[in-house]
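Notes for the one structure printed next.
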Amino acid sequence: MQESKITTGYLIKRFYPYFKPYRKILVFDLLCAAFTTLCDLILPIIIRFITDTVNFNPANLSVSLVVRITVLYLVLRLIDVMANYYMQNTGHVMGASIETDMRRDLFSKFQELSYSYYSENKTGQLISRITSDLFDIAEFAHHCPEEYFIAAIKIVVSFTILIRVNVLLTLVIFMMIPLMIFSAMSFRKKLRAAFKWQRSELGEINAHVEDSLLGIRVSKSFANEEIEQKKFRYGNERFLETKKVSYKNMAGFRSVTRLFDGLMYITTVFLGSVMLMKGRITAGEFMAYLLYVNMLLESIRRVVEFTEQFQKGITGIERFIEVMDAEIEVDDSEDAEVLTDVEGRIDFEDVSFNYGEGDDVLSGINLNIKAGENIALVGPSGAGKTTFCNLIPRFYDVNDGRILVDDKDIRKVTIHSLRSNIGMVQQDVYLFSDTIAGNIEYGKPGAGMEEIVRAAKLAGADEFIREMPDGYDTYVGERGTRLSGGQKQRISIARVFLKNPPILILDEATSALDNESEMLVQKSLADLTVGRTTITIAHRLTTIRNADRIVVLTEDGIVEEGSHDELMAKNGIYAGMYRMYSI
């Protein structure tokens with residue numbers, strides 16, 4: 001657990017722009033907060049007036065005067081109720097609106113971040129930042145201005161009134177406040193570090209739960225439920241440790257403030273009693289003094305109690321800023337142009353790439369792919385075939401060299417226009433928790449039902465879809481769990497048919513399917529590739545025999561290329577691989 005080097009002032013400065021759209025609400029909320037303190041501030045004055053009048057001029061205390069005082073206090077209470085209603089209602093809505101705005105910006109940032117960011121950060125951690133962190137920020141946004149504003153009013157008014165009653169006693173009381181703040185500061189810093197650690201461990205729990213639930217079939221098939229429970233218990237215990245640390249520091253923080261709270265109160269009672277006996281203050285002044293000191297201490301107690309929420313909010317803001325300030329490694333250049341009328345030529349010119357650590361995955365790759373050409377990419381695992389394909393839509397940027405689409409460097413065109421012209425069908429099909437129609441429509445948002453059905457027919461999916469209970473409106477379940485592998489793959493192909501891109505990338509699209517499903521999907525893929533520049537990664541080499549050109553990629557780069565017959569006649573690496581896979 002490390003203390004943060006980012007100052008609270010900087011975090012509040014970064015957070016302030018989210019308050020701007022709600023400035024009028026905030027101002028009125030603080031005005032209401034001032035009204036709610038009015039009754040508390042006026043009551044000691046009323047009690048002092050009544051007490052001193054009874055002691056020194058009892059004849060002046062008439063029924064009509066008491067009635068007027070009562071009516072005045074009731075009016076103030078009515079104002080207090082209305083002001084408090086506004087704070088509880090509109091004030092909370094303001095906090096929730098700020099939370100909504102921040103969640104919108106955070107999710108937008110998630111969409112912009114590069115592939116590498118998600119390789120380095122767990123999904124559970126990110127979910128924690130967009131849910132529980134932002135909830136604490138919302139509470140902070142609403143309560144922080146109110147609590148500190150009310151405390152400031154009460155402290156200033158209390159000081160002003162108390163010093164008029166007795167200068168010495170007031171100075172003694174207020175001199176203790178800086179000592180209390182100084183004594184509590186070390187606990188406050190530790191609290192912030194503890195809450196950040198706590199948030200991180202909560203993110204780890206979220207990540208484990210997500211991972212375990214998504215892999216529940218695997219853990220059950222291996223009868224490893226106990227192993228999953230053991231891993232969860234470990235994370236759960238670590239989270240408990242963070243709670244213990246935060247509660248220990250909170251206990252220390254509150255103990256210090258309660259100690260000074262008691263010292264200030266007993267000092268007031270002792271010195272006030274002495275002054276009362278000596279006639280230096282009246283009984284009414286003494287009672288009012290005790291009430292104002294009690295109000296002052298109550299304000300300090302409320303600020304102390306709010307410290308936990310304050311630190312949670314500040315920690316949430318810090319974690320929010322960490323994401324918002326994360327570098328977007330792959331982004332549009334300032335002079336990026338829109339890629340239009342794509343024919344589908346792709347050129348790799350001396351391309352090298354690594355993931356930031358270790359040796360290059362690809363080194364000095366040169367390859368020219370003609371528009372409409374069907375290229376098959378084969379080679380041993382780890383040779384960089386998937387990386388090769390991921391560089392074309394700029395999921396990652398090359399370290400050296402360049403990639404051209406229709407003679408345009410892909411780093412000089414907008415990412416959206418580049419990816420809009422590329423369709424991908426992968427081995428691991430991802431379907432959203434939506435209907436079949438909704439998942440197909442994802443290829444072309446806003447497409448009509450006729451277009452969706454046409455795409456499904458082209459993908460060979462229409463027949464099985466119509467046999468579903470609700471046809472195209474059938475809900476596929478989370479990640480498409482209600483469908484077979486072949487059905488999911490054909491829906492993903494329909495999605496690409498609907499998108500109708502000039503460039504197509506097939507990354508082992510049939511390797512996880514059974515023979516019957518593979519035959520159906522292969523037919524759909526054959527129809528899909530017609531008229532498109534196609535790059536196919538395949539381990540089953542029998543599926544790419546009809547490719548226009550086969551490129552053999554190894555750790556040494558591109559070592560062979562040619563048609564199936566040419567490479568078999570050459571009797572090189574491809575021929576050896578083909579014979580091995582054909583056994």
Side-chain angles (χ1 to χ4, degrees), residues 114-115 330 339 342-348 351 353 361-362 365 367-379 381 383-398 402-406 408-411 413 415-431 440 442-444 455 458-459 488-513 518 521-541 543-544 546-553 558 561:
S114 308
Y115 262 45
V330 179
L339 187 63
V342 175
E343 296 177 8
R345 295 190 308 278
I346 304 173
D347 297 300
F348 277 65
V351 169
F353 174 80
V361 179
L362 298 173
I365 300 297
L367 185 66
N368 304 110
I369 304 172
K370 300 173 185 177
E373 188 175 14
N374 189 337
I375 295 290
L377 200 61
V378 301
S381 297
K385 300 185 297 296
T386 298
T387 299
F388 179 97
C389 291
N390 284 340
L391 293 177
I392 298 172
R394 280 193 74 196
F395 292 154
Y396 302 93
D397 269 338
V398 300
R402 61 178 186 162
I403 300 173
L404 308 175
V405 171
D406 289 356
K408 294 180 180 178
D409 190 329
I410 60 174
R411 290 172 296 189
V413 300
I415 294 174
H416 181 267
S417 66
L418 172 67
R419 293 175 184 171
S420 295
N421 285 284
I422 299 173
M424 299 189 74
V425 180
Q426 298 170 310
Q427 174 185 351
D428 184 17
V429 176
Y430 191 95
L431 296 185
I440 295 175
Y442 204 79
K444 183 183 176 182
L458 290 170
K488 288 192 290 185
Q489 194 63 279
R490 278 179 281 170
I491 288 174
S492 74
I493 293 169
R495 193 156 58 189
V496 178
F497 262 119
L498 186 60
K499 184 177 183 179
N500 194 26
I503 298 172
L504 182 63
I505 297 173
L506 308 176
D507 189 353
E508 300 187 44
T510 63
S511 62
L513 303 179
E518 183 182 11
V521 172
Q522 280 292 351
K523 172 64 171 61
S524 301
L525 290 175
D527 294 338
L528 181 60
T529 60
V530 174
R532 308 176 201 275
T533 302
T534 304
I535 301 173
T536 303
I537 298 176
H539 278 149
R540 298 182 187 178
L541 301 188
T543 63
I544 47 93
N546 296 324
D548 297 328
R549 185 162 35 130
I550 298 170
V551 176
V552 181
L553 183 65
I558 296 174
E561 40 181 314

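In this text, all values refer to a predicted model and were calculated from it rather than measured experimentally.
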Any residue meeting side-chain contact (heavy atoms from CB on, under 4.5 Å) with F353, in chain and number order, not counting sequence neighbours:
Y355, T387, L391, Y396, N399

Partners meeting side-chain contact (heavy atoms from CB on, under 4.5 Å) with N500 (sequence neighbours left out)
R532

Under a 3.5 Å distance rule, please check whether [X] uses its side chain to pair with a backbone N or O of [Y] as donor and acceptor.
| X | Y | result |
| --- | --- | --- |
| D507 | Q426 | no |
| K385 | G379 | yes |
| D406 | R345 | yes |

To check you understand the geometry: which heavy-atom pair defines the closest contact between G423 and V496, and what is its length?
CA-CG1, 4.1 Å

Rounding to 0.5 Å, atoms CD1 (I392) and CD1 (I503) come to a distance of 7.5 Å

Quick one: pull up OG1 in T536 and CG in N546 and give me the separation to the nearest 0.5 Å.
11.5 Å

From the options I493, L377, T534, select the one residue that forms a side chain to side chain contact (heavy atoms under 4.5 Å, CB included) with L506.
T534

I need the single residue from I403, I505, L367 that forms a side chain to side chain contact (heavy atoms under 4.5 Å, CB included) with F388. Which is it?
L367

For R419, check side chain to side chain donor-acceptor pair (under 3.5 Å) against everything at least two apart and list the hits.
none

Worked verdict on N421 versus V405 for side-chain contact (heavy atoms from CB on, under 4.5 Å)
CA-CA 10 Å; N421 285 284; V405 171; over 6 Å; no

